[in-house]
Q: 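Below is the structure I would like to discuss, written out as structure tokens.
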Amino acid sequence: NAGVMQNPRHLVRRRGQEARLRCSPMKGHSHVYWYRQLPEEGLKFMVYLQKENIIDESGMPKERFSAEFPKEGPSILRIQQVVRGDSAAYFCASSPSVLRNTIYFGEGSWLTVV
Amino acid sequence: DAKTTQPTSMDCAEGRAANLPCNHSTISGNEYVYWYRQIHSQGPQYIIHGLKNNETNEMASLIITEDRKSSTLILPHATLRDTAVYYCIVRDSNTDKLIFGTGTRLQVFP
């Protein structure tokens with residue numbers, strides 16, 4: 001059973017460009033979570049999605065950031081007009097539909113803004 | 001905010017048991033305690049979780065006090081590959097998300 005798959009693993013963007021990070025949850029998982037980890041800091045919750053629904057986006061910056069988890073295909077974290085401060089590791093996690101099932105993390109996508 | 005407090009760092013000799021404490025004095029009756037670890041530049045790895053009974057799996061043991069205000073993760077025979085940041089997390093019972101604190105940086109030495 002494949003784990004949580006994230007791509008790209010490394011992404012370099014110039015200031016002002018858009019970054020799109022993709023996450024394919026584990027098979028049978030319909031809940032997706034996105035976290036951000038700035039250099040030398042802990043993981044910060046960003047958003048929690050179920051298929052076609054945003055459940056909790058309390059950790060998402062109000063501007064330039066958006067997330068979706070369509071009925072078909074991977075979850076996408078989109079960052080518009082990137083700035084240097086967006087440089088970080090972005091981790092996706094998934095869990096099955098039942099509450100309090102274990103959450104499993106992917107290996108992360110490293111965004112560098114130059 | 002994270003509902004747990006952990007020591008910033010700990011050392012452990014290879015082959016010895018590593019005992020990582022965690023305080024969660026405000027935990028609610030239906031909230032689980034989860035442990036994850038993060039090895040440098042990798043995604044967080046699930047270790048174990050529990051509600052009120054002690055738990056054991058192939059990786060570790062989790063001891064939860066009777067009042068549930070604290071717990072201890074035990075790695076019975078630490079190896080160099082266990083060097084990582086260990087996070088104790090009380091899972092939010094309303095939103096189901098994990099809120100990470102600063103964790104304990106465990107250094108296993110030869």
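This structure is a prediction, so every number in the text was calculated from the model and none was measured. Every chain is numbered from 1, with letters handed out A, B, ... down the list of sequences.
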Q: Roughly how far apart are B/Lys97 NZ and A/Phe45 CZ, rounded to 0.5 Å?
A: 4.5 Å
Q: Are B/Tyr87 and A/Met46 linked, directly or through intermediate hydrophobic residues, by side-chain heavy-atom contacts shorter than 4.5 Å (ILVMFWY only)?
A: no
Q: Consider only side-chain heavy atoms of I, L, V, M, F, W and Y, link residues closer than 4.5 Å, and tell whether B/Ile39 and B/Trp35 are in one cluster.
A: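 No: no chain of side-chain contacts under 4.5 Å links B/Ile39 to B/Trp35.
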Q: Would you mind checking which part of B/Gln38 comes under 4.5 Å of any heavy atom in chain A, side chain (CB onward), backbone (N, CA, C, O), both or neither?
A: side chain
Q: Count I, L, V, M, F, W, Y as connected when their side-chain heavy atoms are under 4.5 Å apart, and connections chain through other members. Are B/Met59 and B/Ile63 then in the same cluster?
A: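 No: no chain of side-chain contacts under 4.5 Å links B/Met59 to B/Ile63.
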Q: Could you pull out all donor-acceptor pairs under 3.5 Å where a side-chain atom in residues 69-81 of chain B meets a protein atom, sequence neighbours excluded?
A:
{"residue": "B/Ser71", "atom": "OG", "partner": "B/His24", "partner atom": "NE2", "Å": "2.9"}
{"residue": "B/Thr79", "atom": "OG1", "partner": "B/Arg81", "partner atom": "N", "Å": "3.3"}
{"residue": "B/Thr79", "atom": "OG1", "partner": "B/Asp82", "partner atom": "OD2", "Å": "3.4"}

Q: Using a 4.5 Å heavy-atom cutoff, which residues in residues 103-114 of chain A come close to chain B?
A: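 So far as heavy atoms go, A/Ile103, A/Tyr104, A/Phe105, A/Gly106, A/Glu107, A/Trp110 are the residues that approach chain B to under 4.5 Å.
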Q: How long is the gap from CD1 on B/Ile48 to OG1 on A/Thr102, to the nearest 0.5 Å?
A: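 If I round to the nearest 0.5 Å, the distance is 10.5 Å.
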Q: Does anything in residues 98-108 of chain B get under 4.5 Å of chain A by heavy atoms, and if so which residues?
A: B/Leu98, B/Ile99, B/Phe100
Q: Test of understanding: clusters of I, L, V, M, F, W, Y form through side-chain heavy atoms closer than 4.5 Å, transitively. Do B/Val33 and B/Ile89 belong to the same one?
A: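 Hydrophobic grouping puts B/Val33 apart from B/Ile89.
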Q: List the atom of B/Arg91, the atom of A/Tyr33, and the distance in Å for their closest heavy-atom pair.
A: NH2-OH, 3.7 Å
Q: Would you mind checking which part of A/Gln37 comes under 4.5 Å of any heavy atom in chain B, side chain (CB onward), backbone (N, CA, C, O), both or neither?
A: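 Looking at A/Gln37, just its side chain touches chain B.
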Q: CG of A/Asn101 to NE2 of B/His49: how many Å apart, nearest 0.5 Å?
A: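 These two atoms lie 8.0 Å from each other.
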Q: Which residues, numbered in order, of residues 52-71 of chain A come under 4.5 angstrom of chain B by heavy-atom distance?
A: A/Asp56, A/Ser58
Q: For A/Gln81, look at atom CD and say whether over 12 heavy atoms of other residues, nucleotides or ligands are found less than 6.0 Å away.
A: no
Q: For B/Lys52, does the NZ atom have more than 12 heavy-atom neighbours from other residues, nucleotides or ligands under 6.0 Å away?
A: no
Q: For the hydrophobic clusters of this structure (ILVMFWY residues joined by side-chain heavy atoms under 4.5 Å, transitively), does one cluster hold both A/Val32 and A/Met5?
A: no
